[in-house]
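What follows is a set of notes on a single structure, which appears directly below.
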Amino acid sequence: MKIIVNDFNLKETLLSGQCFRVTEEADNSFTVILFDRIINIKQIDNTIEFVSNNNNNLEEKIIKYFDLNREYNYIYNKLNIDVIMDECISKCKGYKILKQDEFEVCISYIISQNNNVKRISNSINKLCELKGKSVSFNNKVYYLFPTYDEIKDITVEELRSLGVGFRDKYILDFLNKYSNIKEINILSTIDALNELMKVKGIGLKVASCILLFGYSRFDVYPIDTWVKQFISNKYNIKNDQKTIEKFAKDKFGELSGVAIQYMYHSERNIK
DNA sequence: CCCCAGGTCGTCA
DNA sequence: TGACGACATGGG
(Lines give C-alpha, C1' and ligand atoms only; values in the text may rest on other atoms or scores of the structure.)
Protein backbone atom coordinates (compact mmCIF):
# COMPACT_ATOMS: atom_id res chain seq x y z
CA MET A 1 0.00 0.00 0.00
CA LYS A 2 1.04 3.58 -0.62
CA ILE A 3 0.28 7.05 0.65
CA ILE A 4 1.36 10.34 -0.89
CA VAL A 5 2.95 12.63 1.67
CA ASN A 6 4.04 16.19 1.05
CA ASP A 7 5.85 17.23 4.20
CA PHE A 8 7.25 14.13 5.85
CA ASN A 9 10.66 12.70 6.66
CA LEU A 10 10.23 9.10 7.73
CA LYS A 11 13.82 8.47 8.70
CA GLU A 12 14.28 11.57 10.86
CA THR A 13 10.97 10.92 12.56
CA LEU A 14 11.68 7.30 13.40
CA LEU A 15 15.34 7.62 14.38
CA SER A 16 15.04 10.72 16.52
CA GLY A 17 14.71 8.86 19.81
CA GLN A 18 10.97 9.32 20.30
CA CYS A 19 10.23 5.64 19.90
CA PHE A 20 12.38 2.76 21.01
CA ARG A 21 11.23 -0.20 18.91
CA VAL A 22 12.19 0.50 15.34
CA THR A 23 14.65 -1.37 13.14
CA GLU A 24 16.36 0.11 10.11
CA GLU A 25 16.62 -2.56 7.41
CA ALA A 26 19.33 -3.03 4.80
CA ASP A 27 17.08 -1.64 2.03
CA ASN A 28 16.50 1.64 3.94
CA SER A 29 13.07 0.57 5.02
CA PHE A 30 11.99 0.45 8.65
CA THR A 31 10.25 -2.22 10.65
CA VAL A 32 8.03 -0.78 13.34
CA ILE A 33 5.83 -2.45 15.92
CA LEU A 34 2.65 -0.48 15.61
CA PHE A 35 0.08 -1.13 18.33
CA ASP A 36 -1.38 -4.54 17.36
CA ARG A 37 0.73 -5.31 14.29
CA ILE A 38 4.11 -5.16 12.59
CA ILE A 39 4.75 -2.90 9.63
CA ASN A 40 7.60 -2.44 7.23
CA ILE A 41 7.65 1.04 5.78
CA LYS A 42 9.75 2.85 3.23
CA GLN A 43 9.83 6.37 1.89
CA ILE A 44 10.61 7.18 -1.73
CA ASP A 45 10.39 10.92 -2.28
CA ASN A 46 6.81 11.91 -1.65
CA THR A 47 5.50 8.40 -1.23
CA ILE A 48 5.49 6.04 1.70
CA GLU A 49 5.03 2.35 0.94
CA PHE A 50 4.18 -0.14 3.60
CA VAL A 51 3.28 -3.76 4.24
CA SER A 52 1.99 -5.43 7.37
CA ASN A 53 0.84 -8.75 8.75
CA ASN A 54 -2.57 -7.13 9.28
CA ASN A 55 -4.11 -4.90 6.63
CA ASN A 56 -7.25 -4.13 8.57
CA ASN A 57 -7.51 -0.31 8.84
CA LEU A 58 -3.81 -0.19 8.10
CA GLU A 59 -3.77 3.16 6.33
CA GLU A 60 -5.75 4.74 9.13
CA LYS A 61 -3.34 3.36 11.74
CA ILE A 62 -0.34 4.71 9.83
CA ILE A 63 -1.85 8.14 9.40
CA LYS A 64 -2.65 8.27 13.08
CA TYR A 65 0.76 7.06 14.26
CA PHE A 66 2.71 9.47 12.06
CA ASP A 67 0.11 12.19 12.58
CA LEU A 68 -0.01 12.80 8.83
CA ASN A 69 -3.23 14.78 8.79
CA ARG A 70 -1.95 17.59 10.95
CA GLU A 71 -1.26 20.92 9.29
CA TYR A 72 2.39 21.49 10.09
CA ASN A 73 2.74 24.69 8.04
CA TYR A 74 0.67 26.38 10.69
CA ILE A 75 3.13 25.13 13.33
CA TYR A 76 6.16 26.24 11.32
CA ASN A 77 4.71 29.73 11.00
CA LYS A 78 3.82 29.98 14.68
CA LEU A 79 7.24 28.83 15.82
CA ASN A 80 9.23 30.87 13.37
CA ILE A 81 9.77 33.79 15.74
CA ASP A 82 13.44 34.51 15.04
CA VAL A 83 16.50 33.36 13.06
CA ILE A 84 17.32 30.67 15.62
CA MET A 85 13.95 28.99 15.25
CA ASP A 86 14.00 29.59 11.51
CA GLU A 87 17.13 27.44 11.29
CA CYS A 88 15.65 24.79 13.61
CA ILE A 89 12.52 24.55 11.52
CA SER A 90 14.37 24.21 8.24
CA LYS A 91 16.50 21.43 9.77
CA CYS A 92 13.43 19.67 11.13
CA LYS A 93 11.08 20.00 8.18
CA GLY A 94 9.09 16.80 7.83
CA TYR A 95 9.90 15.67 11.32
CA LYS A 96 6.68 14.69 13.09
CA ILE A 97 5.79 14.11 16.70
CA LEU A 98 4.54 10.52 16.74
CA LYS A 99 1.27 9.46 18.34
CA GLN A 100 2.40 6.32 20.10
CA ASP A 101 0.47 3.86 22.23
CA GLU A 102 -0.28 5.47 25.58
CA PHE A 103 0.40 2.50 27.81
CA GLU A 104 3.63 1.68 25.99
CA VAL A 105 4.87 5.26 26.21
CA CYS A 106 4.28 5.40 29.96
CA ILE A 107 6.39 2.34 30.67
CA SER A 108 9.01 3.18 28.06
CA TYR A 109 9.66 6.63 29.47
CA ILE A 110 9.72 5.39 33.05
CA ILE A 111 12.52 3.10 31.90
CA SER A 112 14.22 5.96 30.06
CA GLN A 113 15.25 7.93 33.14
CA ASN A 114 18.99 8.07 33.73
CA ASN A 115 19.41 5.49 30.99
CA ASN A 116 20.67 5.32 27.42
CA VAL A 117 18.67 4.59 24.29
CA LYS A 118 20.34 1.24 23.62
CA ARG A 119 19.57 -0.05 27.10
CA ILE A 120 16.05 1.37 27.03
CA SER A 121 15.32 -0.50 23.79
CA ASN A 122 16.83 -3.71 25.16
CA SER A 123 14.69 -3.64 28.27
CA ILE A 124 11.51 -2.89 26.35
CA ASN A 125 12.21 -5.66 23.86
CA LYS A 126 12.79 -8.14 26.66
CA LEU A 127 9.56 -7.06 28.33
CA CYS A 128 7.69 -7.69 25.09
CA GLU A 129 9.31 -11.11 24.65
CA LEU A 130 8.43 -12.03 28.21
CA LYS A 131 4.83 -10.83 28.30
CA GLY A 132 3.66 -9.74 24.85
CA LYS A 133 1.91 -11.70 22.09
CA SER A 134 4.11 -13.08 19.35
CA VAL A 135 3.46 -12.19 15.73
CA SER A 136 5.03 -13.67 12.61
CA PHE A 137 5.97 -11.28 9.87
CA ASN A 138 8.42 -11.69 6.95
CA ASN A 139 9.55 -15.04 8.36
CA LYS A 140 10.52 -13.49 11.65
CA VAL A 141 8.89 -13.49 15.05
CA TYR A 142 8.08 -10.17 16.70
CA TYR A 143 6.45 -9.40 20.01
CA LEU A 144 3.75 -6.84 20.63
CA PHE A 145 3.91 -4.55 23.62
CA PRO A 146 2.01 -6.33 26.40
CA THR A 147 -1.40 -5.10 27.51
CA TYR A 148 -2.10 -4.06 31.06
CA ASP A 149 -3.70 -7.43 31.80
CA GLU A 150 -0.68 -9.23 30.44
CA ILE A 151 1.76 -7.51 32.76
CA LYS A 152 -0.25 -6.49 35.80
CA ASP A 153 1.10 -9.45 37.78
CA ILE A 154 4.73 -9.04 36.74
CA THR A 155 7.16 -9.65 39.61
CA VAL A 156 10.21 -7.73 40.79
CA GLU A 157 12.38 -10.67 39.73
CA GLU A 158 10.95 -10.60 36.23
CA LEU A 159 11.48 -6.86 36.01
CA ARG A 160 15.07 -7.19 37.16
CA SER A 161 15.63 -9.82 34.47
CA LEU A 162 14.80 -7.15 31.90
CA GLY A 163 17.63 -4.96 33.16
CA VAL A 164 15.45 -2.10 34.34
CA GLY A 165 17.37 -1.90 37.60
CA PHE A 166 16.06 0.46 40.26
CA ARG A 167 13.14 1.42 38.01
CA ASP A 168 11.40 -1.86 38.87
CA LYS A 169 9.50 -0.29 41.75
CA TYR A 170 8.49 2.64 39.57
CA ILE A 171 6.90 0.31 37.02
CA LEU A 172 5.06 -1.54 39.77
CA ASP A 173 3.75 1.71 41.20
CA PHE A 174 2.59 2.78 37.74
CA LEU A 175 0.73 -0.51 37.28
CA ASN A 176 -0.94 -0.07 40.66
CA LYS A 177 -2.15 3.39 39.73
CA TYR A 178 -3.03 2.59 36.15
CA SER A 179 -6.79 2.67 36.67
CA ASN A 180 -6.54 6.43 37.38
CA ILE A 181 -4.10 7.07 34.57
CA LYS A 182 -6.38 5.49 31.96
CA GLU A 183 -8.58 8.57 32.23
CA ILE A 184 -5.84 11.06 31.45
CA ASN A 185 -7.26 11.91 28.04
CA ILE A 186 -10.07 13.93 29.57
CA LEU A 187 -7.83 15.98 31.87
CA SER A 188 -6.32 19.37 31.20
CA THR A 189 -2.59 19.27 30.56
CA ILE A 190 -1.71 20.55 34.03
CA ASP A 191 -4.00 18.01 35.70
CA ALA A 192 -2.67 15.24 33.48
CA LEU A 193 0.91 16.11 34.42
CA ASN A 194 0.02 16.07 38.11
CA GLU A 195 -1.83 12.78 37.81
CA LEU A 196 1.15 11.16 36.12
CA MET A 197 3.55 12.60 38.69
CA LYS A 198 1.66 10.86 41.48
CA VAL A 199 3.46 7.74 40.28
CA LYS A 200 6.76 7.20 42.01
CA GLY A 201 9.46 7.53 39.40
CA ILE A 202 7.53 9.87 37.11
CA GLY A 203 8.78 13.43 37.43
CA LEU A 204 8.14 16.45 35.25
CA LYS A 205 10.43 15.36 32.44
CA VAL A 206 9.05 11.83 32.08
CA ALA A 207 5.46 13.03 32.47
CA SER A 208 6.05 15.60 29.72
CA CYS A 209 7.48 12.98 27.37
CA ILE A 210 4.50 10.74 28.00
CA LEU A 211 2.02 13.51 27.21
CA LEU A 212 3.94 14.72 24.16
CA PHE A 213 4.63 11.37 22.52
CA GLY A 214 1.63 9.38 23.72
CA TYR A 215 -1.16 11.93 23.89
CA SER A 216 -0.15 14.58 21.32
CA ARG A 217 -0.17 17.29 23.98
CA PHE A 218 1.99 19.88 22.27
CA ASP A 219 1.86 22.32 25.19
CA VAL A 220 4.22 20.28 27.40
CA TYR A 221 7.94 20.74 27.05
CA PRO A 222 10.33 18.03 28.25
CA ILE A 223 13.49 19.91 29.15
CA ASP A 224 16.68 17.91 29.41
CA THR A 225 20.39 18.72 29.37
CA TRP A 226 20.48 19.13 25.59
CA VAL A 227 17.59 21.54 25.41
CA LYS A 228 18.82 23.53 28.38
CA GLN A 229 22.19 23.98 26.77
CA PHE A 230 20.69 24.86 23.42
CA ILE A 231 18.46 27.56 24.85
CA SER A 232 20.99 29.06 27.24
CA ASN A 233 23.64 29.21 24.51
CA LYS A 234 21.55 30.44 21.61
CA TYR A 235 19.43 32.89 23.57
CA ASN A 236 22.12 33.80 26.07
CA ILE A 237 20.06 33.22 29.19
CA LYS A 238 20.80 31.51 32.49
CA ASN A 239 21.15 27.72 32.31
CA ASP A 240 18.68 27.03 35.07
CA GLN A 241 15.61 24.79 35.03
CA LYS A 242 13.01 27.37 36.11
CA THR A 243 14.37 30.08 33.83
CA ILE A 244 14.36 27.76 30.83
CA GLU A 245 10.86 26.50 31.59
CA LYS A 246 9.49 30.02 31.75
CA PHE A 247 11.28 30.92 28.54
CA ALA A 248 9.79 27.97 26.65
CA LYS A 249 6.29 28.60 27.91
CA ASP A 250 6.36 32.34 27.24
CA LYS A 251 7.92 32.08 23.80
CA PHE A 252 6.09 29.11 22.35
CA GLY A 253 2.92 28.64 24.44
CA GLU A 254 0.64 25.93 23.08
CA LEU A 255 3.35 24.63 20.79
CA SER A 256 6.22 24.54 23.31
CA GLY A 257 6.52 20.79 22.96
CA VAL A 258 7.16 20.93 19.23
CA ALA A 259 9.58 23.84 19.66
CA ILE A 260 11.53 21.96 22.32
CA GLN A 261 11.54 18.80 20.25
CA TYR A 262 12.89 20.69 17.24
CA MET A 263 15.67 22.10 19.41
CA TYR A 264 16.45 18.69 20.84
CA HIS A 265 16.47 17.15 17.39
CA SER A 266 18.63 19.76 15.71
CA GLU A 267 21.07 19.86 18.63
CA ARG A 268 21.24 16.15 19.29
CA ASN A 269 20.58 14.35 16.03
CA ILE A 270 21.56 16.73 13.24
CA LYS A 271 25.07 18.06 13.07
C1' DC B 1 38.26 0.73 35.27
C1' DC B 2 35.68 4.85 35.09
C1' DC B 3 32.12 7.51 33.07
C1' DC B 4 27.73 8.13 31.55
C1' DA B 5 22.80 7.64 30.30
C1' DG B 6 16.14 12.02 27.10
C1' DG B 7 15.84 11.71 35.97
C1' DT B 8 13.82 11.19 40.31
C1' DC B 9 13.77 10.22 45.14
C1' DG B 10 15.02 10.78 49.89
C1' DT B 11 17.50 13.39 53.06
C1' DC B 12 19.50 17.15 55.29
C1' DA B 13 20.10 22.16 55.93
C1' DT C 1 12.61 25.45 48.60
C1' DG C 2 17.31 24.00 47.28
C1' DA C 3 21.41 21.28 46.94
C1' DC C 4 23.25 16.60 46.55
C1' DG C 5 24.25 11.71 46.60
C1' DA C 6 22.16 7.22 45.50
C1' DC C 7 20.21 4.33 42.37
C1' DA C 8 20.98 -0.74 38.64
C1' DT C 9 23.13 -1.85 34.67
C1' DG C 10 25.80 -2.32 30.54
C1' DG C 11 27.67 0.33 26.54
C1' DG C 12 31.62 3.23 25.26
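To find a chain, count down the sequence lines: A is the first, B the second, and so on, and within it residues start at 1. Values in this document were obtained by computation on a predicted structure and should not be read as measured data.
For the pair A:Y264 and B:dG6, the ring geometry qualifies as stacking, because the centroid separation is below 5.5 Å while the planes lie within an angle under 30°.
Between the side chain of A:N115 and the base of C:dA8 there is no donor-acceptor pair of N/O atoms closer than 3.5 Å. Below the 3.5 angstrom threshold, one finds a donor paired with an acceptor across the side chain of A:Q261 and the base of B:dG6.
Heavy-atom nearest nucleotides on DNA chain B were determined for A:I202 and for A:I260, and the one closer to the 5' end corresponds to A:I260. Each of A:V199 and A:I223 has a nearest nucleotide on DNA chain B; the 5'-most of these lies closest to A:I223. Remark on DNA chain C: of its neighbouring residues A:N122 and A:Q113, the 5'-side contact belongs to A:Q113, judged by nearest-heavy-atom nucleotide.
The pair A:E195-A:K198 meets the salt-bridge criterion, since a charged nitrogen lies less than 4.0 angstrom from a carboxylate oxygen.
Using cut-offs of 30° and 60° on the angle between ring planes, the pair A:Y170 and A:F166 is perpendicular. Taking the six-membered ring for Trp and thresholds of 30 and 60 degrees, A:W226 and A:Y264 have ring planes more than 60 degrees apart, a perpendicular arrangement.
Comparing the C1' positions of B:dG6 and C:dG2 gives a spacing of 23 Å, expressed to the nearest Å. Taking the P atom of each, C:dG11 and B:dT8 are spaced 24 Å apart, rounded to whole Å. Rounded to whole Å, the P atom of B:dC9 lies 24 Å from the corresponding atom of C:dG10. C:dG5 sits 14 Å from B:dC4 when the P atoms are compared, rounded to a whole Å. Remark: the separation of the P atoms in B:dC3 and C:dA6 is 13 Å, to the nearest Å.
Within the 6.0 Å centre-distance limit, the rings of A:Y178 and A:F174 are counted as a close aromatic pair.
Closest to the A:V117 side chain, of the nucleotides B:dC9, B:dG6, C:dA8, is B:dG6. When distances run from any side-chain atom of A:V206 to the nucleotides B:dG6, C:dC7, B:dT8, the shortest one goes to B:dT8. When each of B:dG7, B:dG10, C:dT9 is scored by its nearest atom to the side-chain atoms of A:K205, the top-ranked nucleotide is B:dG7.
In the hydrophobic clustering of ILVMFWY residues, with side-chain heavy atoms under 4.5 Å counting as a link, A:V220 and A:L79 come out together. By the criterion of side-chain heavy atoms lying less than 4.5 angstrom apart, applied directly or through intervening Ile, Leu, Val, Met, Phe, Trp or Tyr residues, A:I75 is not grouped with A:F8; the two fall into different hydrophobic clusters.
Atom NZ of A:K78 has 12 or fewer neighbouring heavy atoms from other residues, nucleotides or ligands inside a 6.0 Å radius.
Between A:K169 atom NZ and C:dA8 atom C1' the separation is 9 Å, expressed in whole Å. One atom, CG of A:N116, and another, P of C:dG10, lie 11 Å apart when rounded to the nearest Å. In this structure, A:F166 atom CZ and C:dC7 atom C1' are separated by 5 Å, rounded to whole Å. Spacing between atom CD1 of A:I210 and atom C1' of B:dT8 amounts to 13 Å, rounded to whole angstrom units. To the nearest angstrom, C1' of C:dC7 lies 16 Å from CD1 of A:I110. Taking atom CD1 on A:I120 and atom P on B:dA5, their separation rounds to 12 Å, with Å as the unit. Here C:dA8 presents its C1' atom at 9 Å from CG of A:D168, a figure rounded to the nearest Å. If you measure from atom NZ of A:K118 to atom P of C:dG12, you get 6 Å, rounded to the nearest angstrom.
Listed by residue number, there are no residues of residues 228-258 of chain A with a heavy-atom contact under 4.0 Å to DNA chain C.
Within the nucleic acid shown, A:G17 comes within 4.0 Å of at least one base atom, counting heavy atoms only. Within 4.0 Å of A:F213, counting heavy atoms only, lies at least one base atom of the nucleic acid. Within the 4.0 angstrom heavy-atom criterion, base atoms lie near A:R167.
Of all non-hydrogen atoms in A:D101 and A:E104, the two that sit nearest each other are OD2-N, 3.0 Å.
The phosphate of B:dG6 has OP1 or OP2 within less than 4.0 Å of a side-chain N or O from A:R268.
With A:T31 as the fixed residue, the side-chain hydrogen bond (donor to acceptor under 3.5 Å, both in side chains) test singles out one of A:R21, A:E25, A:K140: A:E25.
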